[in-house]
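What follows is one structure encoded as structure tokens, with my remarks underneath.
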Amino acid sequence: MANNFQPKPEHKFTFGLWTVGSSGRDQFATNDPIRNSLSPADLVRLLGEVGAYGVNFHDNDLIPMDATPAEADKIKKEFRKALDETGLVVPMATTNLFSAAIFKDGAFTSNDPKVRAYALQKAMRGMDLGAEFGAKIYVFWGGREGSETDVAKNPLEGLKHFREALNFLGEYSNSQGYGYKFALEAKPNEPRGDIYLPTTGAMLGFIETLDHPEMVGVNPELAHEHMAGLNFMHAVAQAWDAGKLFHIDLNDQNYARFDQDWRFGQQSWKQSFFLVKFLEEVGYNGSRHFDAHAFRTEDYEGVKDFARGCMRSYLIFKEKARLFNEDKEIQALVAESKAEDKSMDKFLGKFSAEKAAELKAFSFDRNAIAGRGLKYEKLDQMLTDLMLGVR
Ligand code: GLT
Ligand code: MN
Ligand code: MN
């Protein structure tokens, strides 16, 4: 096969420092680390070696929370050097507003104004840091923005505070000339019992209530929609339709489990196939960001296998999508299932009083229409055959 599924810069494959840099600790628990920490600069080199295009970070992935200015400068210099050596870019940055104890009851949505103000300060500094390395997308994942009980927290207040924070930070970005686009990332639960705005669809509704909705979009994550039992590609399609697909977090996840953050393509082959097919067909031009971790069984060779696997699976799904679209038998069945028929053109589309009157008077042969088999069983099995390499 001519296609050897090698990642290239134009594929825009990116990873977070926190992904390949994960020490293998359970995400929100306290088991011992399994892998030694690597410096940000070494993680950039690792990503360069496997062929990634970019690297993204939280403020504290790069600069530890209590670093002195001199320490921060040194880390930044080394990080910059590794970027220059490898040619990697930094398309996205974000703020860690969920690890520190001060965020135990939320950051932007905390009831405590001191916490909210601190969160704003941290986000502004994070935006400065991202801009220093050229980031143009700024992600907001509100892992702690929610509750276990609603005894003293009011979701209306939470939404108001979240809105205020985003409006404030939007103005800040513009005042500094950063030109950031914000990408809001939803998750239904974990680490909180319930997280506000739990799905991509909820985020899309909320964005329209902001002062500058045009600068705010979403960062849907496969695992998070699957945790909510939803169809990820459908959520992505809605975001695309709204012109809001600013970024995407690819990984994998069994339905209805804890947050697994597995290698892209590890579990949900068909869903991931439909997703990649969608992204490629609509011409999504943003980063393909892998927000996932290597299994806890792995050393750093295994981390490289993990990162290569994410990119390889994406490219395999892309190739399968091409084959699906070029398969004459498959496409004939797709066309047949749509039953394109010009006879209904006079009724469909934009409303007019005449159209409505004529449609109301029309007589349909409901049983004949309903009786037509759509051949989805046959088509779907053809897809299975194609995916499993026997077609
Ligand atoms: C965290 C979370 C992710 C978010 C990251 C951005 S951090 O690992 O699980 O889904 O995208 O804050
Ligand atoms: Mn996740
Ligand atoms: Mn994510």
Side-chain angles (χ1 to χ4, degrees), residues 13-29 43 54-62 65 90-100 103 106-109 119 122-123 126-127 129-130 135 137-146 162 165-166 169 180 182-192 195-200 203 217-228 230 232 235-236 239 245-264 266-268 272 275 286-296 306 310:
F13 291 138
T14 65
F15 291 82
L17 281 180
W18 70 95
T19 64
V20 284
S22 158
S23 69
R25 285 182 87 205
D26 292 333
Q27 239 173 318
F28 302 110
L43 290 169
V55 60
N56 304 316
F57 55 75
H58 296 88
D59 49 357
N60 305 132
D61 299 338
L62 190 58
M65 234 173 152
V90 178
M92 177 272 260
T94 181
T95 329
N96 186 327
L97 295 169
F98 44 88
S99 294
F103 301 128
F108 298 139
T109 68
K122 194 168 192 294
M127 288 165 69
L129 185 64
I137 300 285
Y138 208 79
V139 162
F140 291 87
W141 173 64
R144 301 276 169 195
E145 314 290 16
F162 190 35
L166 289 172
L169 294 170
Y180 275 124
F182 291 172
L184 310 186
E185 179 176 345
K187 188 176 181 185
N189 59 276
E190 202 191 20
R192 294 316 295 264
I195 299 177
Y196 297 142
L197 299 165
T199 64
T200 297
M203 285 296 183
V218 289
N219 178 35
E221 173 169 318
L222 187 151
H224 297 176
E225 302 292 319
H226 278 204
M227 285 173 73
L230 299 174
F232 184 55
V236 170
L245 188 65
F246 289 3
H247 200 261
I248 193 164
D249 276 5
L250 302 175
N251 52 13
D252 213 341
Q253 169 83 25
N254 253 323
Y255 280 97
R257 303 286 173 90
F258 66 94
D259 184 13
Q260 294 173 309
D261 279 347
W262 281 335
R263 185 182 80 252
F264 182 63
Q266 190 233 323
Q267 170 77 20
S268 317
S272 302
L275 173 75
S287 295
R288 275 83 172 154
H289 173 73
F290 298 106
D291 187 10
H293 303 142
F295 297 142
R296 298 182 168 92
F306 147 83
C310 287

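Read the numbers this way: they start at 1 and go in the same order the structure lists the ligands and their atoms. None of the values given here were measured: they were computed from a predicted structure.
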Beyond-backbone contact of [X] with [Y], side-chain heavy atoms, under 4.5 angstrom:
X      : Y      : result
Leu250 : Leu222 : no
Arg144 : Leu97  : no
Val90  : Val55  : yes
Thr95  : Trp141 : no

### Query
Does Phe98 have a non-hydrogen atom less than 4.0 Å from ligand 1?
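The answer is yes, since Phe98 has a heavy atom less than 4.0 Å from ligand 1.
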### Task
Report the distance from atom CD of Glu221 to atom NE2 of His247, rounding to the nearest 0.5 Å.
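It comes to 11.0 Å.
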Could you list the atoms of ligand 1 found under 4.0 angstrom from a heavy atom of [X]?
X      : answer
His58  : 5 (C), 6 (C), 7 (S), 12 (O)
Glu185 : 3 (C), 4 (C), 10 (O), 11 (O)
Asp249 : 11 (O)
Trp18  : 5 (C), 7 (S), 8 (O)
His224 : 10 (O)

### Message
Below 2.8 Å, which protein N, O or S atoms neighbour the Mn ion (ligand 3), ignoring water?
### Response
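Near the Mn ion (ligand 3), below 2.8 Å, one finds Glu185 OE2, Glu221 OE1, Asp249 OD2, Asp291 OD2.
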### Query
Is any side-chain N of the basic residue among Lys122 and Asp59 closer than 4.0 Å to the acidic one's carboxylate O?
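So Lys122 pairs with Asp59 through a salt bridge.
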Could you say whether the N/O atoms of [X] and ligand 1 ever approach to under 3.5 Å?
X      : result
Asp291 : yes
Lys187 : no
Asn219 : no

### Task
Might you work through the side chain to side chain donor-acceptor pair (under 3.5 Å) test for Gln267 and Asp252, ending with a clear yes or no?
CA-CA 6 Å; Gln267 170 77 20; Asp252 213 341; over 6 Å; no
### Task
Over 60° means perpendicular and under 30° means parallel, so classify the ring planes of His226 and Tyr255, tilted if in between.
parallel
### Task
Would you kindly say whether Asn251 and Asp261 are connected by a side-chain donor-acceptor distance under 3.5 Å?
yes
### Task
Would you please test His289 and Thr14 for side chain to side chain donor-acceptor pair (under 3.5 Å) and show each step?
CA-CA 5 Å; His289 173 73; Thr14 65; 3.1 Å; yes
